[in-house]
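Computed over heavy atoms, backbone and side chain alike; hydrogens, waters and symmetry mates excluded.
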Amino acid sequence: MDFRNLPPVKEQIMKCVRCGKCRSVCPVFAEIRNETAAPRGHVFMVQMLRDGKVDPRQEVYERLSNCLLCETCSVNCPSGIDIHELNAAARSYIYEQNPSLAKELIFDTMWTKPGLLRASTKIMGGMQKLGLQTFARNTGLTRILPGDLPKAEGIMSSIPSRPARSRLKKVNPAQGEKKYTVGYFLGCGTDILNPAAALATVDVLTRNGCDVVIPQDMKCCGLPHVANGKTDTARLLAAHNVQIFNSYKFDYIISDCASCTSALSRKNMEFLLGGLKIEDAAFAFADKVMDLTKFLIEVIDIKLPEWAEEKKTRVTYHDPCHLANAQGIKEQPRELLRRIPGVEFVEMAEANRCCGGSGTYSVTHYDLSMKILDRKMDNAMETGAGAIATCCPSCSMQLRYGIKRHHWDCQVVHPVELVSAGYSKALRPKQ
């Protein structure tokens, strides 16, 4: 598509009055303190790209890629500019002029084929179990990896042995009276890196009267592709998923991953597929998409059974950017935690500040990502919590690394894991 005629580029750039509000909330600018890293600086850069005053060079891409795409600037912009969309559109435009074989292999080959992605991750997990990753690190072999990968490979230090898809059936019937038929969008991150959350999701949904169907042909939501300049590939993935899920008669399409529900939202469908023939089908699909915690609170109105608990677990909550900023979902995860009998919920300072993970950002911008993470960990540790709950596998991976980095005795869980565990505790016979 023509970069200059994309709606965000064509219609929104001139709305920027350079007020600087975005600078005051940007986690990247807080660390770099350079105008080129400020959201308004990115808007100006996109304008110069559009007007041909700046060439679409790799250097420009690298400056734009400092942005986390956390959408904090967009939700705080007085002029209502979707700055993250401008940035993503510019990255895609520049990438078209500067293609990369590595990105083609990762995002067009591996990440568009779920089976290949799972196989690649399984090999990495096998290497960890054999000690090869530690061996490579200790002998310095990881130094031959490109960019920040030599530092960042430690973030993926514990890959589960089996993905969720190998443990779950395609159709999972409701326990008791059926209320809804839901399609479960089982995202790549949850499937491969956090299968416990997927198992808990199916458990809790079926306990609450939902037939849960997991379409076997679904693919990645496309958000990693948008972040890495592969918008055309993201567009193909979105169209594929729309077709797959619309072939079923679902009451709702549920995901436990904040990034997935953001990528599948009506707003993002408009960004990717607006104006195309598939637009109406995409909007019909997006209108059924709902975050799991919102579904459990607002649709199911979940009530958990009480059980005798000697001591409650103190739990704090980290807001994923793609849930709080992109979708405005903040209270529902907290309310879900409050409804769990064995949980004492405690709020951390700056809970809605990015953890620095942002999908692949911690790999491509390791040092900057760690500075943002350290601030998050300081706030989390001050709560004295025994667990950090969050609704994003990328955030979970980043927070686990932060816990290890700070030598903190704490665990990271999805709220639904605590709900599922609560049901199990309530069913135990009293001593």
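Counted by atom type alone, Gln327 and Ser265 present zero donor-acceptor pairs between their side chains at under 3.5 Å. Asp374 and His406 share a side-chain donor-acceptor pair at under 3.5 Å. Counted by atom type alone, Asn87 and Arg91 present one or more donor-acceptor pairs between their side chains at under 3.5 Å. For the residue pair Tyr184/Asp256, the side-chain donor-acceptor check at 3.5 Å is satisfied.
The 12-atom threshold is not exceeded at CD of Gln243, counting heavy atoms of other residues, nucleotides or ligands nearer than 6.0 Å. For Met48, the CE atom is densely surrounded, since the number of other residues' heavy atoms within 6.0 Å is greater than 12. The number of heavy atoms from other shown groups lying within 6.0 Å of CZ (Phe44) does not exceed 12.
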Check: Are Trp111 and Leu237 close enough, and set up right, to give a side-chain contact (heavy atoms from CB on, under 4.5 Å), and what steps lead you there?
Finding: CA-CA 10 Å; Trp111 222 318; Leu237 290 168; over 6 Å; no

| query | So Asn208 and Tyr423, side-chain hydrogen bond (donor to acceptor under 3.5 Å, both in side chains) or not? Walk me through it. | reply | CA-CA 11 Å; Asn208 285 275; Tyr423 279 117; 3.2 Å; yes

Practice item. Evaluate the side-chain contact (heavy atoms from CB on, under 4.5 Å) criterion for residues Leu205 and Phe295: first the C-alpha distance (whole Å), next the side-chain angles of each, then the deciding distance (0.1 Å), finally the verdict. Key: CA-CA 10 Å; Leu205 287 175; Phe295 180 75; 3.6 Å; yes

Checking Gln398 against Ser369 for the side-chain contact (heavy atoms from CB on, under 4.5 Å) test, could you report, in this order, the C-alpha distance in whole Å, the side-chain angles of both residues, the deciding distance, and whether it holds?
CA-CA 9 Å; Gln398 179 83 338; Ser369 172; 2.9 Å; yes

- Query: Yes or no on side-chain hydrogen bond (donor to acceptor under 3.5 Å, both in side chains) for Gln175 and Thr206, after CA distance, side-chain angles and deciding distance?
  - Reply: CA-CA 5 Å; Gln175 301 179 35; Thr206 54; 3.3 Å; yes

| Run the side-chain hydrogen bond (donor to acceptor under 3.5 Å, both in side chains) check on Thr233 and Asp108 step by step: do they pass? | CA-CA 7 Å; Thr233 305; Asp108 285 345; 2.5 Å; yes

Checking Met348 against Lys376 for the side-chain contact (heavy atoms from CB on, under 4.5 Å) test, could you report, in this order, the C-alpha distance in whole Å, the side-chain angles of both residues, the deciding distance, and whether it holds? CA-CA 9 Å; Met348 78 167 81; Lys376 171 63 64 174; 3.8 Å; yes

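A salt bridge between Asp251 and Lys179 is absent, with no side-chain N of the basic residue lying under 4.0 Å from a carboxylate O of the acidic one. Contact check on Arg339 versus Asp301 returns a salt bridge, with a Lys/Arg side-chain nitrogen under 4.0 Å from an Asp/Glu carboxylate oxygen. Between Glu270 and Arg266 there is no salt bridge, since no side-chain nitrogen of the basic residue lies less than 4.0 Å from a carboxylate oxygen of the acidic one. Glu104 has a carboxylate O that lies under 4.0 Å from a charged side-chain N of Lys230, or vice versa, which qualifies the two as a salt bridge. A salt bridge does not link Asp319 to Lys330: none of the charged nitrogens lies less than 4.0 Å from a carboxylate oxygen. Using a cutoff of 4.0 Å between basic side-chain nitrogens and carboxylate oxygens, Lys371 and Asp367 are not scored as salt-bridged. Checked for salt-bridge contact, Arg334 and Glu331 miss the test: no charged N lies under 4.0 Å from a carboxylate O.
What you find for Leu336 and Pro415 is that their closest heavy atoms are CD2-CB, 4.0 Å. Of all heavy-atom pairs spanning Gly222 and Ala234, the tightest one is O-CB, 3.5 Å. Residue Tyr93 comes nearest to Leu49 through the heavy atom pair CE2-CD2, 4.2 Å, listed as atom of the first residue, atom of the second, then distance.
In this structure the side chain of Pro7 never reaches within 4.5 angstrom of the side chain of Glu85, judged on heavy atoms. For the pair Asp291/Gln332, no side-chain contact is recorded, criterion being any heavy-atom separation below 4.5 Å from C-beta on. Side chains of Cys354 and Thr72 form no contact here, defined as non-hydrogen atoms less than 4.5 Å apart. Contact annotation: the side chain of Val343 never approaches that of Arg338 to less than 4.5 Å [non-hydrogen atoms, C-beta and beyond]. Side-chain contact between Arg57 and Ile94: absent, with no pair of heavy atoms (C-beta onward) separated by less than 4.5 Å. For the pair Gln58 and Glu62, the minimum side-chain heavy-atom distance is below 4.5 Å.
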Check residues 22-32 and write down every donor-acceptor pair under 3.5 Å in which the side-chain atom is one partner and the other belongs to a residue at least two apart or another chain.
| unit_1 | atom_1 | unit_2 | atom_2 | d |
| --- | --- | --- | --- | --- |
| Arg23 | NH1 | Glu35 | OE1 | 2.9 |
| Ser24 | OG | Lys21 | O | 2.6 |

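With respect to His322, the side chain to side chain contact (heavy atoms under 4.5 Å, CB included) criterion is satisfied by exactly one of Ser259, Cys257, Cys391, Cys392: Ser259.
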